[in-house]
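To keep things clear, I will list the structure first and then write my remarks on it.
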Amino acid sequence: MKWPAFAYARANSLEEAFALKRAAGADAKWIAGGQSLLVSLAYRLQAPGALIDISRIAALHGVAEAGAGLRIGAATTHAKLGADALIGARAPLLAQAAPLIAHAAIRNRGTLGGNIAYADPASELPACLVALGATIVAASPRGERRIAAADFFVGLFETALAEDEIIVAVETPAPPAGSAIDEIARRPGDYAMAGLAAAFDIESGRLAHARLVFFGVGGAPVHAVRASTALTLHGVAAAQAALAGDLAPQGDHQASGDMKLHLARVLTRRVAQAALGPGSLAA
Ligand SMILES: Cc1cc2nc3c(=O)[nH]c(=O)nc-3n(C[C@H](O)[C@H](O)[C@H](O)COP(=O)(O)OP(=O)(O)OC[C@H]3O[C@@H](n4cnc5c(N)ncnc54)[C@H](O)[C@@H]3O)c2cc1C
């Protein structure tokens, strides 16, 4: 299907983007890689009057050390997330997530900022950012603000971003001792039926703290607090049992709610073992 008609303008700076938006009004939308937005236009899910291209704004580019963590520009593509040496060293969970996202052509254009602004509940990156305790940096004509990832994803395709804000960067803290991501999808490149991104702290060779964050099982990333505690104190079987208190997945076109809960239990074992090895887990 063809896109509905829209005006198009490219901004070369944040200031120019805000000015273009002010002129175009609330009907205008930012466009970065276009990999989600243009699909939704083709399906007539939305019909903005104008698209403002923010993909070439220098402030949205680059990966740099920030304390013990990183500042990753919002225009960083999924392909770069998977290939960048700094990200591999300082935020390996994001590097592990990249090849799970869509297909190579989409990863070459789709961006970190566009992905998290779109907030698909089955997306890998939002869950990774919550698991890592990352911060989203957003800019608007009113200035810059920082939003904890845990507060950013508020519901189905819904974030804490105001309509005129642009995600400039994501900041990750010092990398956890261990992290892993896994998902179960019908075919490689498909959105997952269920997925799990996790970060682990280890003290004296033992698991001290776990943060298990599921995707594809709710309207937004779900931090499974009970299962995370149970994994730390009692091991995988207890975590799997505790998941019934954390997750209440609705069925969708891919799987029933019961199936998703089952897949979440399978993923809990896989991810814990991948990151920690069987020896690091409590009995
Ligand atoms: C066939 C297919 C399979 C896919 N599979 C997966 C998958 O398995 N996992 C997954 O996570 N994703 C998947 N995607 C989505 C893909 O990852 C997109 O690239 C990504 O979701 C959007 O990034 P983008 O830069 O293309 O954003 P765009 O499409 O340009 O924009 C998406 C939305 O974000 C807004 N936006 C963009 N950048 C910013 C910014 N910096 N600040 C504020 N708002 C912004 C736009 O206004 C728009 O509303 C798939 C897409 C397709 C077409």
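The structure presented is a predicted model; accordingly, all values stated were derived computationally and were not measured. One-based numbering, in listed order, for ligands and for the atoms of each.
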**Prompt:** Who's the nearest protein heavy-atom neighbour of atom 18 (C) of ligand 1, and how far?
**Reply:** Ser36 OG, 3.3 Å
**Message:** So if I count the atoms of ligand 1 from 1 in the order they appear, which ones are less than 4.0 Å from some heavy atom of Leu161?
**Reply:** 43 (C)
**Asked** Under a heavy-atom criterion of less than 4.0 Å, does Arg107 contact ligand 1?
**Response** no
**Identity of the nearest option to atom 27 (O) of ligand 1, non-hydrogen atoms only, from Gly114, Ala105, Ala17, Ala75** = Gly114
**Message:** Pairs of nitrogen or oxygen atoms closer than 3.5 Å, one from Gly34 and one from ligand 1: do any exist?
**Reply:** yes
**Request:** Count the heavy atoms of every other residue, nucleotide or ligand shown that sit under 6.0 Å from OH of Tyr43, and state whether that count exceeds 12.
**Result:** no
**Request:** May I ask you to identify, for His103, whether its side chain, its backbone, both or neither come under 4.0 Å of ligand 1 on a heavy-atom basis?
**Result:** neither
**Message:** Check Arg226 with Asp246, please: is the shortest side-chain N to carboxylate O separation under 4.0 Å?
**Reply:** yes
**Fill in**
Judged by heavy atoms only, the candidate from Ser123, Gly195, Ala192, Ser40 nearest atom 11 (O) of ligand 1 is Ser123
**Request:** Can you pull out the closest protein heavy atom to atom 3 (C) of ligand 1? Residue, atom name and distance to 0.1 Å, please.
**Result:** Ala102 CB, 3.7 Å
**Fill in**
If you scan protein heavy atoms around atom 2 (C) of ligand 1, the nearest is Ile106 CD1, 3.3 Å
**Prompt:** Hey, are Asp201 and Arg211 close enough for a salt bridge, meaning a charged N less than 4.0 Å from a carboxylate O?
**Reply:** no
**Asked** Under a 4.0 Å heavy-atom limit, does Ile54 contact ligand 1 with its side chain, its backbone, both, or neither?
**Response** side chain
**Item:** Presence of salt bridge, Asp84 and Lys80, under 4.0 angstrom
**Value:** yes
**Message:** Out of Ile167, Leu100, Asp190, who is nearest to atom 41 (N) of ligand 1 when you count heavy atoms only?
**Reply:** Ile167
**Request:** State plainly whether the residues Lys260 and Asp252 are in salt-bridge range, i.e. N to O under 4.0 Å.
**Result:** yes
**Asked** Which atoms of ligand 1 have any heavy atom of Ile31 under 4.0 Å away?
**Response** 30 (O)
**Fill in**
Filtering Glu165, Gln35, Lys29, Glu124 for the heavy atom nearest atom 53 (C) of ligand 1 leaves Gln35
**Asked** Is Ile166 in polar range of ligand 1, meaning some N or O pair under 3.5 Å apart?
**Response** no
**Message:** How about CD on Gln250, more than 12 heavy atoms from neighbouring residues, nucleotides or ligands closer than 6.0 Å, or not?
**Reply:** no
**Prompt:** For atom 35 (C) of ligand 1, what's the nearest protein heavy atom and its distance?
**Reply:** Ala117 CB, 3.7 Å
**Prompt:** Restricting to pairs with a member in residues 116-134, which pass side-chain hydrogen bond (donor to acceptor under 3.5 Å, both in side chains), not counting sequence neighbours?
**Reply:** none
**Fill in**
Restricting to heavy atoms, the pick from Tyr118, Tyr191, Phe157 nearest atom 15 (C) of ligand 1 would be Tyr191
**Item:** Top protein contact for atom 48 (C) of ligand 1, by heavy-atom distance
**Value:** Trp30 O, 4.1 Å
**Request:** Pick one of side chain, backbone, both or neither for how Thr111 approaches ligand 1, counting any non-hydrogen atom pair under 4.0 Å.
**Result:** both
**Request:** Give yes if a backbone or side-chain nitrogen or oxygen of Gly33 is under 3.5 Å from a nitrogen or oxygen of ligand 1, and no if not.
**Result:** yes
**Counterpart residues, salt bridge (charged side-chain N to carboxylate O under 4.0 Å, His left out), relative to Glu144 (two or more places apart)** = Arg146
